[in-house]
Amino acid sequence: MGGVMKNADMAGIFEQMADFLEIRGENPFKIRAYRRAAQVIEHLPREVATMLAEGEDLKALPGIGEAIASKMAELVRTGHLVAWETLRDSLPEGLSTLLEIPGIGPKTAYRLATELGISSVDELEQAILEGKVAHLFRLGDRTAQNILHSIRSMRRKDQRIPLGQALPIVEEILSALRPLPGVRNLVPAGSLRRFRETLGDIDLMGTADNPEAVIRSFVSLPQVREVLAQGPTKASVILSGGLQADLRMVEHEAFGSLLQYFTGSRQHNIALRTRMQKKGLKLSEYGITDTATDRLEKFSTEEAFYERLGLQYIPPEIREDRGEIDLAERKAIPRLVERSDIRGDLHVHTNWSDGTASLEDMARAAKALGYQYLAITDHSGGLGIAGGLNEERLLKQMQAIRQLDERLEGIRLLAGIEVNILADGRLDLPDGILSRLDVVVASVHSALNQSEAKMTRRILKALENPHVDILAHPTCRLIGQREPIAVDLEAVFQAAAQHRKILEINSMPDRLDLQDISIYRARELGVLLAIDTDAHRPEHFDLVRFGIAMARRGWCRPAHILNCRPLGEVLSYLKRDEAYRRTG
DNA sequence: GCCGTTTTCGGCCCGACTGTTTTCAGTCG
């Protein structure tokens, strides 16, 4: 295995360890320990390899003890894990592939492999068609057909879909079901409510006078392609896009615990229940049971639920078992940034480059949102990006912005640019003109395949330019379409902190860049952030809610976000106060 | 395998739905 072991790869290996152990029927708690470790590693804000290099004790991490810590060290040191290889070799081939099929767990996978010699999805499909699977003991024709269904729908669908794609589908379903008679609550839960950047499925919760009728309407929605399961309180369906959606109904009085339970994350809930179990409380979607009296207490709101546990309310975005429960116990949950904290946007486009709206339309839309300021940052022209501005057009635009700013009451327009960072780290506009702008946003749009070393040098060089204020979409990823660039983010954060540069949280749902764990780390290192929309038309301003959600997932308070500050403070941070502007 | 103002040993989250079953195992979330 070449190169440094990345956290994502390491997490995958421990996840497979868990699968292997499960197939072998080992202690379920040992299996859970491996799964928990995989989760923790996957969401670490720093690379394990870096932590080890700096002499940190991995056992300090939650869920990581002696055994797993030494396996992590082995992986970093050698790129291999002997225990994993031994386990893998002790089992029939292809089990991992079979486990990926929904409805097939470790028991079934093992039997298929040993009793029928199946080692791939194609072989399994063939065996079902030949009737072999239905003849296995305790597996009937019905089960075989269900597996076949799973295989075929799995082939059709993408694994996880971006948040921004799922949301419209959800809104559609909600608006179809909410008007039904007797429905009182109907809301998204799960990773959607926590604003994870991608979703594996859609979770909806509700209460109604006649839950079964709501379930029946749900499964017969036109968007439903297939019903996986249907009972009196819950149903699971596959939507026409291939996405799974689950609906659960409960009585009105228990809505708070239902919502809490199914908002998750699973890790948060497990941590919560383990902790409360020691206090004699059993938590479920129906409420809290005192194990001494066996009496069930119900909660109609999440707030009341957390309060009963002696905890401060925990916002859904940070329910990831990363220390939030301890903080809630000490009543020390930070006041996370909210939409009403946002006072302006520092990265938007107009029809001067590839936006679709005029300067004035964008300005008025921002003003209508109550913003104090708006920075116009069209593309620079270097690499033929749609209508990018050269020096001459930029000067004209500056003039237009200044004139419009004179005319418009109630909002301040800032003249800016989104300048390209060229392959060697230079910018594609000269310092002379950059120095005359109110704000300079810099970003990478070309030569995305550079090596990590080269890309890191390139970005650091740009950050050393005194005129650059904000590094936009730092990893250049497009969720589900383009991998992030190879760059040493830790080095970028340190440079940003040193030069007092701002890193962007880009709100576009297909970018969400920086992502949550990077935001968390940047904030830890004292880097100031900006939540920008990168809007290309007025409706895009609304996307700021995604950026805010990411900032919240990174535990940001308003103080961590530049555009939560009033205009005067923003200008002085950018070292562009009124005097500067007149002389500049 | 992890973890500890109930424990360094003995616990470890909780319930719904399905299919093939006469009482429950497997899977999922």
Side-chain angles (χ1 to χ4, degrees), chain A residues 14 17-19 21-23 25-40 58-72 83 98-112 133-147 149-150 189-192 199-205 211 215 219 227-237 244-250 254 257-258 260-289 291 296 321 329:
Chain A
F14 285 120
M17 284 283 289
D19 286 344
L21 293 168
E22 195 166 15
I23 288 161
E26 306 260 350
N27 179 353
F29 301 105
K30 182 169 169 179
I31 296 161
R32 182 187 303 166
Y34 274 104
R35 289 205 202 286
R36 168 137 200 254
Q39 288 275 322
V40 167
L58 299 175
K59 293 200 296 295
L61 296 170
I64 309 291
E66 198 77 50
I68 293 184
S70 80
K71 288 187 172 66
M72 291 164 75
L98 298 182
L99 277 175
E100 285 168 22
I101 301 168
I104 294 193
K107 301 282 191 252
T108 314
Y110 186 72
R111 293 189 56 202
L112 291 170
V133 173
H135 286 109
L136 293 180
F137 178 67
R138 255 186 168 276
L139 289 175
D141 191 48
R142 193 68 191 270
T143 306
Q145 290 308 312
N146 284 347
I147 294 172
H149 262 291
S150 289
S191 42
L192 189 59
L199 306 175
D201 60 13
I202 293 172
D203 287 303
L204 304 174
M205 334 264 81
I215 299 268
V219 300
V227 180
L228 295 177
Q230 179 183 359
T233 66
K234 69 168 268 194
S236 291
V237 303
Q244 181 172 332
D246 298 337
L247 172 65
R248 293 162 223 262
M249 303 296 291
V250 73
S257 39
L258 177 81
Q260 194 286 326
Y261 191 92
F262 287 108
T263 295
S265 66
R266 171 130 41 144
Q267 294 302 329
H268 173 84
N269 284 350
I270 289 175
L272 206 57
R273 274 171 255 155
T274 306
R275 190 177 292 227
M276 293 308 156
Q277 193 179 45
K278 290 168 189 159
K279 298 183 179 176
L281 299 176
K282 192 177 74 172
L283 280 46
S284 81
E285 62 263 52
Y286 301 108
I288 298 172
T289 308
T291 45
L296 175 70
D321 189 24
E329 205 156 48

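Letters go in sequence order (proteins before strands), and every chain restarts at 1.
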Under 3.5 Å, sequence neighbours excluded: what are the donor-acceptor pairs made by side chains of residues 227-237 of chain A?
unit_1: S236(A); atom_1: OG; unit_2: D246(A); atom_2: OD1; d: 2.8

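Across dT18(B) and dC12(B), the matching P atoms stand 29 Å from one another, rounded to whole Å. As rounded to the nearest Å, dT20(B) and dT27(B) have P atoms that lie 14 Å from one another. Comparing dG10(B) with dG15(B), their P atoms are spaced 26 Å from each other, to the whole Å. Rounded to the nearest Å, the gap between the C1' atom of dC2(B) and that of dT8(B) is 12 Å. Comparing dT7(B) with dG11(B), their C1' atoms sit 8 Å apart, to the nearest whole Å.
Closest to the D203(A) side chain, of the nucleotides dT18(B), dG29(B), dG15(B), is dG29(B). Checking dG15(B), dG29(B), dT18(B) against the side-chain heavy atoms of R266(A) singles out dG29(B) as nearest. Across dC12(B), dG15(B), dC2(B), the shortest atom-to-atom separation from the side chain of A33(A) is found for dC2(B). Closest to the T233(A) side chain, of the nucleotides dC14(B), dT27(B), dA16(B), is dA16(B). The K234(A) side chain lies nearest to dA16(B) when the options are dG29(B), dA16(B), dT27(B). Closest to the side chain of A229(A), from the set dC12(B), dT27(B), dC17(B), is dC17(B). Here the side chain of P232(A) is nearest to one of dC17(B), dC2(B), dG29(B), namely dC17(B). Taking every side-chain heavy atom of P106(A) into account, dT27(B) is the closest of dC12(B), dC17(B), dT27(B).
Mapping K282(A) and D246(A) onto DNA chain B by nearest heavy atom places K282(A) at the nucleotide closer to the 5' end. Nearer to the 5' terminus of DNA chain B, by closest-nucleotide assignment, is the contact made by R36(A) (compared with the other of R36(A) and G103(A)).
Taking CD of Q277(A) as the start and OG1 of T291(A) as the end, the distance is 8.5 Å to the nearest 0.5 Å.
Environment of CD in E26(A): crowded, with over 12 heavy atoms of neighbouring residues, nucleotides or ligands closer than 6.0 Å. Annotation for F262(A): atom CZ counts as buried by contact number, over 12 foreign heavy atoms lying within 6.0 Å.
Rounding to whole angstrom units, CE of residue M205(A) and C1' of dG29(B) are separated by 10 Å. Between K278(A) atom NZ and dG10(B) atom P the separation is 17 Å, expressed in whole Å. The interatomic distance linking R275(A) (CZ) with dC3(B) (C1') rounds to 12 Å, in whole Å. For the pair Q260(A) CD and dG15(B) P, the computed distance is 14 Å after rounding to whole Å. Between the CD1 atom of I101(A) and the P atom of dC28(B) there is a distance of 10 Å, rounded to whole Å. Going from atom CD1 of I288(A) over to atom P of dG15(B) covers 13 Å, rounded to whole Å. As a whole-Å value, the separation of L139(A) CG from dG26(B) P is 10 Å. If you measure from atom NZ of K71(A) to atom C1' of dG1(B), you get 8 Å, rounded to the nearest angstrom.
Between T143(A) and dT18(B) there is no side-chain N or O to OP1 or OP2 distance below 4.0 Å. For the OP1/OP2 pair of dG19(B) and a distance below 4.0 Å, the side-chain nitrogens and oxygens of N146(A) include at least one atom meeting the criterion. At dA16(B), none of the side-chain N or O atoms of Q230(A) fall inside 4.0 Å of OP1 or OP2 (strictly under the cut-off). Side-chain nitrogen and oxygen atoms of Y261(A) include none within less than 4.0 Å of the OP1 or OP2 phosphate oxygen of dA16(B). Distances shown here put every side-chain N or O of T274(A) at or beyond 4.0 Å from the OP1 or OP2 atom of dC3(B). Residue S236(A) places none of its side-chain N or O atoms closer than 4.0 Å to OP1 or OP2 of dC28(B).
The residue P28(A) sits apart from the nucleic acid: no heavy atom pair falls under 4.0 Å. At a threshold of 4.0 angstrom between heavy atoms, the contacts of L272(A) with the nucleic acid are absent. Nucleic acid contact for R32(A): base, since at least one base atom lies under 4.0 Å from a heavy atom of the residue. Residue I104(A) is classed as a sugar-phosphate contact, given heavy-atom separations below 4.0 Å to backbone atoms only.
For the pair R275(A) and E329(A), the salt-bridge criterion is met [side-chain N within less than 4.0 Å of a carboxylate O].
The heavy-atom pair separating Y34(A) from A18(A) by the smallest distance is CB-CB, 3.9 Å.
With a cut-off of 3.5 Å on both pairing distances, dT8(B) has no Watson-Crick or G-U wobble partner at all.
Looking at R142(A), its side chain has no donor and acceptor atom pair within 3.5 Å of the base of dG19(B). Within 3.5 Å, a donor on the side chain of N27(A) pairs with an acceptor on the base of dG1(B), or the reverse.
D141(A) places no side-chain N or O within donor-acceptor distance of the main-chain N or O of A134(A), the cut-off being under 3.5 Å.
A salt bridge (charged side-chain N to carboxylate O under 4.0 Å, His left out) with E22(A) is found for exactly one of K107(A), K30(A), R35(A), R32(A), namely R35(A).
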